Each structure stands twice: as structure tokens, then as C-alpha cells.
Amino acid sequence: MNELAGKHIVLGLSGGVACYKAADLCRQLLREGATVQVVMTEAAEQFITPVTMQALSGRPVYGSQWDAREPNNMPHINLSREADAVLIAPCSADFVARLAQGRADELLSLLCLARPTERVPLLLAPAMNREMWAHPATQRNLAQVVQDGAVVLGVGHGDQACGETGDGRMLEPAELLEELVAFFTPKVLAGRKVLVTAGPTFEAIDPVRGITNHSSGKMGFAIARAAREAGAQVTLVAGPVHLPTPRWVHRIAVQSALQMLEAVEPRAQLASVFIATAAVADWRPATASGQKIKKDGSGQTPVLGFVENPDILARVASSEHALVGDLFCVGFAAESHDLLAHATAKRQRKGVPLLVGNIGPATFGQDDNALLLVDAHGHRELPRASKRVLAQQLVAEIARRLPPLPVAT
Ligand code: CTP
């Protein structure tokens with residue numbers, strides 16, 4: 001999607017088995033439109049060759065501070081000045097220690113030290129054995145480099161190359177990419193708590209059957225991700241969908257509309273934005289059988305009665321917190337026809353400042369969509385694009401409409 005178009009990344013590799021992941025990371029960065037300059041320590045070259053990294057990045061790899069290819073013989077200055085970010089992946093325990101000490105006896109730590117700190121961020125993707133990760137010396141060094149302005153992207157948990165299990169694995173390339181994209185995203189929702197509902201609900205008939213709908217949850221998950229990238233603290237209340245939870249988003253899994261309401265109501269009171277994308281079932285079976293309903297051989301079909309589910313959005317939008325202007329509510333409308341008329345009427349009926357309309361059958365399960373934004377001033381179309389792009393645009397639209405944050409005293 002070219003999420004990193006125009007960005008020039010210095011990808012630094014220090015020594016560690018996770019160097020094999022750096023090859024894939026390099027490809028993913030390029031696929032997103034970045035240019036990548038690889039710099040490797042001597043130890044990194046024990047794990048992966050510069051040949052591989054040159055072939056993948058399309059640029060000669062740098063490894064020595066004495067590299068005569070640079071006319072001024074100052075690769076540490078030239079490489080660090082042209083970067084939009086320096087990403088060290090993998091970042092070994094030894095390399096963290098070097099950074100903490102401000103060492104400059106090989107090219108990679110030298111260019112980290114020489115970079116203009118106010119303009120070129122330094123992001124670290126640590127990778128090491130769990131004991132090395134937990135060691136007080138490593139934690140002390142990490143605290144020091146963070147204090148000095150570096151960003152530590154965290155580590156994964158799981159099986160390690162040494163055969164042990166624990167914290168210290170390097171994050172996966174896709175996770176690092178997500179972190180990098182988030183890092184570059186303007187923080188238009190900094191200081192805001194955002195609550196999102198997503199997916200369908202499942203209304204049980206008996207323990208093995210139920211009523212649900214085709215909502216995939218993709219739009220809501222994309223919005224949750226975009227909101228966190230924009231700096232918000234995000235809670236996602238999701239019906240039964242098998243989508244991965246966006247990083248740093250707190251997910252609460254629910255099944256039915258009543259469970260969704262129970263999860264949403266108290267949290268909405270703490271939020272500053274509520275975005276209801278869930279396709280909540282309008283009705284649920286009046287009684288859910290505790291046991292599987294069996295055929296009795298008579299050919300008679302069961303008769304199902306229904307009761308209406310509570311309207312979660314309308315309830316939240318009519319709460320005191322929303323009415324006094326402390327909670328900005330956004331509704332969605334999935335319609336099959338007459339989108340503008342239905343969305344306009346629905347906005348008023350639900351009592352929300354912003355209603356986002358889309359043609360339901362055309363979008364369920366798809367990766368792209370087109371949205372119609374309706375507010376008190378009129379309507380505006382967000383033309384067909386991926387749900388990811390639309391989510392980013394919608395987050396920007398919402399941020400524009402929020403009251404300013406109270407000034408801290
Ligand atoms: N919604 C909700 N709780 C419900 C029903 C809907 O919170 N019980 C929210 C949805 O998440 C969405 C908006 O209300 O943001 C509109 O949902 P939609 O299903 O399009 O509208 P309905 O209220 O069901 O109206 P209708 O059936 O007339 O289209």
C-alpha cells in the first residue's frame with residue numbers, strides 16, 4: 001500500500017540469529033515504498049551475508065567506518081544525515097550496551113552516535129536469549145538508551161533458537177513494519193481514549209446454533225489500528241471474528257448483543273470517542289434452549305420467537321457523558337439502497353454527530369469500501385479505497401471534529 005513512500009530507512013543489523021528475519025523485513029520495507037540502506041556489524045555478517053542484503057535492498061551494504069566508496073570517507077555522517085529513521089533489527093544485547101555507552105569504534109554504533117537526534121529517530125528491535133533479555137545489565141542499558149531518545153519496539157515471547165522459551169525474540173517483520181508505520185503517523189488522537197465495536201453478534205438459539213450475519217469486522221479492526229497509530233488508547237469490543245488484534249489494542253471478545261452492551265457501557269463512560277461499526281443483531285431468540293433442540297421425528301419445525309436487542313449506539317449516545325460533549329459518537333449504517341436518505345435519518349434517530357454510511361452487501365468481507373460521511377453540516381464521500389486507507393481518513397475526520405484536549409494545569 002506504500003505506507004512508507006518517500007521514507008529512507010537505515011536498516012542496521014547487529015549479530016544475532018534473528019538476522020534471518022531482517023532479510024524479510026528489508027523486502028517488506030521496500031514493498032511499502034521505502035528505500036533501505038543496510039548497514040551490518042561484523043557479527044551480523046556471521047549470520048547473514050551482505051550479498052543477500054545487497055540483493056534484497058538493491059544497494060551496496062556498508063560495514064566499515066573506513067569505507068573509501070564515500071568521497072569524504074565519512075559514511076557515518078553521510079548515511080545518518082540522509083535517513084528518515086535508523087532501525088536496528090536485530091539489536092543484540094551487546095549493541096544495546098554499545099549504544100548505552102556511546103561507543104563509536106565500528107560503523108553502526110558510530111552512525112547512531114553521529115545522527116542528528118532531533119531529526120533522525122533511532123528505533124531498536126531487540127533480539128536475544130531470555131536470560132540475556134532479563135539480565136539487569138541489559139534492562140539498565142535499555143533504560144539508558146530510552147532516556148537518550150531511542151525507541152525500543154519491544155520483544156516477542158516464544159520459542160527461541162537456543163531451545164528455551166521466553167521473552168527476547170525479535171518481533172516479526174510484519175509487526176516491525178506496523179510499528180514503523182505507527183511511528184511515522186501524526187498523533188492526531190494523542191491523549192484520547194477510543195472505544196470501537198466491530199464484527200457481527202451471534203445470538204444463540206441453543207448451544208450449537210445461532211443467528212449471525214456476514215459482517216467481517218475488517219472495517220472496525222482497521223479503525224482500531226488507525227486510531228492507535230494516531231496515538232489513541234484503543235479498546236475494541238469484537239463479536240466472533242478471527243481477525244488478528246492490532247498491536248497495542250485492547251480487545252474484548254463477545255458473542256451476543258447483550259454481552260456487547262455489557263462490555264461497552266461502562267467503558268464508554270471513560271472514553272472520548274465511541275465508534276460503533278458492529279453489525280449488531282436487531283433481534284435475538286426470545287428463549288435460548290439450554291440443550292440442543294432435537295428433531296422428534298414428527299416433521300414439526302420449531303417455532304422461534306424474537307425479542308429486540310438494545311440499541312447500543314443509541315444508548316451510549318444518549319448517556320450524560322455524550323450529551324455534555326465529553327464523548328464523540330460515530331455510527332455506521334449498512335444499507336442496501338438510498339444511502340444518503342437512510343444515513344441522514346439514522347444519524348438523527350441515533351442522536352450522533354457523525355454517521356458513516358456504506359452499502360452493506362457491497363462491502364461485507366471485502367478489503368475495500370466507499371464511505372459516505374453525514375454530519376450536521378451535510379455529507380461528504382470518501383471514495384472507494386482499501387478499508388485501511390478509509391480507516392486512516394476517517395480517523396483524521398473524527399480528530400478534526402473533537403473538542404481540544406483540556407490544558408494540563
Ligand atoms: N447499532 C448498535 N446496536 C444495535 C443496532 C445497531 O449499536 N442494536 C449500531 C451499529 O453499530 C451502527 C448503527 O447502530 O453503528 C446502525 O446500525 P444498523 O444496523 O445499520 O442500523 P439499525 O439501527 O439496525 O437500523 P435499521 O435496521 O433500520 O437499518
Side-chain angles (χ1 to χ4, degrees), residues 178 182 185 187-202 213 215-257 259-281 310-317 319 321-322 326-334 347 350 352-358 360 363-364 367 369 371 373 382 386-402:
E178 200 173 320
T185 304
K187 299 291 175 267
V188 293
L189 290 181
R192 314 279 186 177
K193 284 189 180 153
V194 173
L195 179 64
V196 183
T197 64
T201 62
F202 179 89
N213 60 63
S215 167
S216 66
K218 285 180 182 172
M219 193 70 226
F221 276 61
I223 290 170
R225 177 181 169 188
R228 104 87 181 159
E229 288 173 345
Q233 192 181 319
V234 182
T235 303
L236 173 63
V237 179
V241 289
H242 296 287
L243 294 173
T245 309
R247 288 179 61 69
W248 306 111
V249 166
H250 176 51
R251 177 179 185 168
I252 299 167
V254 298
Q255 295 276 320
S256 66
Q259 288 171 354
M260 189 171 274
L261 177 70
E262 200 182 317
V264 162
E265 263 191 325
R267 289 174 178 86
Q269 300 313 306
L270 305 171
S272 41
V273 181
F274 175 53
I275 310 171
T277 74
V280 184
D311 188 321
I312 301 169
L313 175 60
R315 274 224 208 170
V316 170
S319 69
H321 187 49
D326 289 341
L327 177 67
F328 186 86
C329 293
V330 183
F332 266 68
R347 189 184 82 81
K350 303 264 179 178
V352 295
L354 180 63
L355 199 292
V356 183
N358 64 133
T363 180
F364 281 155
D367 287 324
N369 197 358
L371 301 179
L373 272 47
L382 298 183
S386 69
K387 289 183 178 176
R388 167 88 178 126
V389 167
L390 290 171
Q392 290 167 322
Q393 292 173 345
L394 183 59
V395 159
E397 291 282 344
I398 292 170
R400 274 202 307 114
R401 291 167 165 84
L402 296 181

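Sequential numbering from 1 along the given sequence is applied to the chain's residues. Treat the numbers as computed from the prediction; the structure is a model and nothing was measured.
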Practice prompt. Using a cut-off of 6.0 Å, state whether more than 12 heavy atoms not belonging to E262 lie near its atom CD.
Written response: no
Worksheet item: Do L313 and F332 pass the side-chain contact (heavy atoms from CB on, under 4.5 Å) test, and can you show the C-alpha distance, the side-chain angles, and the key distance before you say yes or no?
Response: CA-CA 10 Å; L313 175 60; F332 266 68; over 6 Å; no
Worksheet item: What is the minimum heavy-atom distance between L236 and P246, and which atoms define it?
Response: CD2-CD, 4.3 Å
Item to complete: Please report the shortest heavy-atom distance between S215 and A279, naming the atom on each side.
Response: CB-CB, 3.6 Å
Practice prompt. Determine, stepwise, if the pair T235 / V249 fulfils side-chain contact (heavy atoms from CB on, under 4.5 Å).
Written response: CA-CA 6 Å; T235 303; V249 166; over 6 Å; no
Item to complete: Working to the nearest 0.5 Å, report the span between OG1 of T277 and CD1 of I223.
Response: 5.5 Å
Worksheet item: Backbone N or O of A271 within a donor-acceptor pair of the H321 side chain at under 3.5 Å?
Response: yes
Worksheet, complete the sentence: In terms of heavy-atom contacts, A278 and A198 come closest through CB-N, 3.7 Å
Worksheet, complete the sentence: CZ (F274) and CG (L327) are apart, to the nearest 0.5 Å, by 8.0 Å
Discussion item. To the closest 0.5 Å, what do you measure between CE (M260) and CD1 (I252)?
Written reply: 10.5 Å
Worksheet item: Taking 4.0 angstrom as the limit, do D311 and K350 come out as a salt bridge?
Response: yes
Worksheet item: Less than 4.5 Å apart, any side-chain heavy atom of V280 and any of I312?
Response: yes
Practice prompt. Could you tell me which non-hydrogen atom of K387 sits nearest to which non-hydrogen atom of A222, and how far apart they are?
Written response: O-CB, 3.8 Å
Worksheet entry | Rounded distance [0.5 Å steps], OG in S256 versus CG in L261 | 9.5 Å
Item to complete: I would like to know whether V273 and K193 meet side-chain contact (heavy atoms from CB on, under 4.5 Å); could you show each step before the answer?
Response: CA-CA 6 Å; V273 181; K193 284 189 180 153; over 6 Å; no
Discussion item. Any carboxylate oxygen within less than 4.0 angstrom of a Lys/Arg side-chain nitrogen, looking at R247 and E229?
Written reply: no
Fill in: Nearest-0.5 Å distance, CG of residue L371 to CG of residue L390
4.5 Å
Response to the item:
Taking every heavy atom of S216 against every heavy atom of L243, the minimum-distance pair comes out as O-CD1, 3.4 Å
Practice prompt. Kindly indicate, with the supporting measurements, whether the criterion side-chain contact (heavy atoms from CB on, under 4.5 Å) is fulfilled by I275 and T197.
Written response: CA-CA 7 Å; I275 310 171; T197 64; over 6 Å; no
Worksheet item: With side chains defined as the heavy atoms from C-beta onward, is the minimum distance between L382 and L373 less than 4.5 Å?
Response: yes
Donor-acceptor contacts, no H, no angles, side chain residues 393-400, under 3.5 Å, sequence neighbours left out:
{"unit_1": "E397", "atom_1": "OE1", "unit_2": "R400", "atom_2": "NH2", "d": "2.7"}
{"unit_1": "E397", "atom_1": "OE1", "unit_2": "R401", "atom_2": "NH1", "d": "2.7"}
{"unit_1": "E397", "atom_1": "OE2", "unit_2": "R380", "atom_2": "NH1", "d": "2.1"}

Response to the item:
Output for pair (S272 OG, L189 CG), nearest 0.5 Å, gives 8.0 Å
Worksheet item: Has Q233 got more than 12 heavy atoms of other residues, nucleotides or ligands less than 6.0 Å from its CD?
Response: no
Discussion item. Restricting to non-hydrogen atoms, name the atom on P200 and the atom on N213 that form the minimum distance, rounded to 0.1 Å.
Written reply: CB-OD1, 3.2 Å
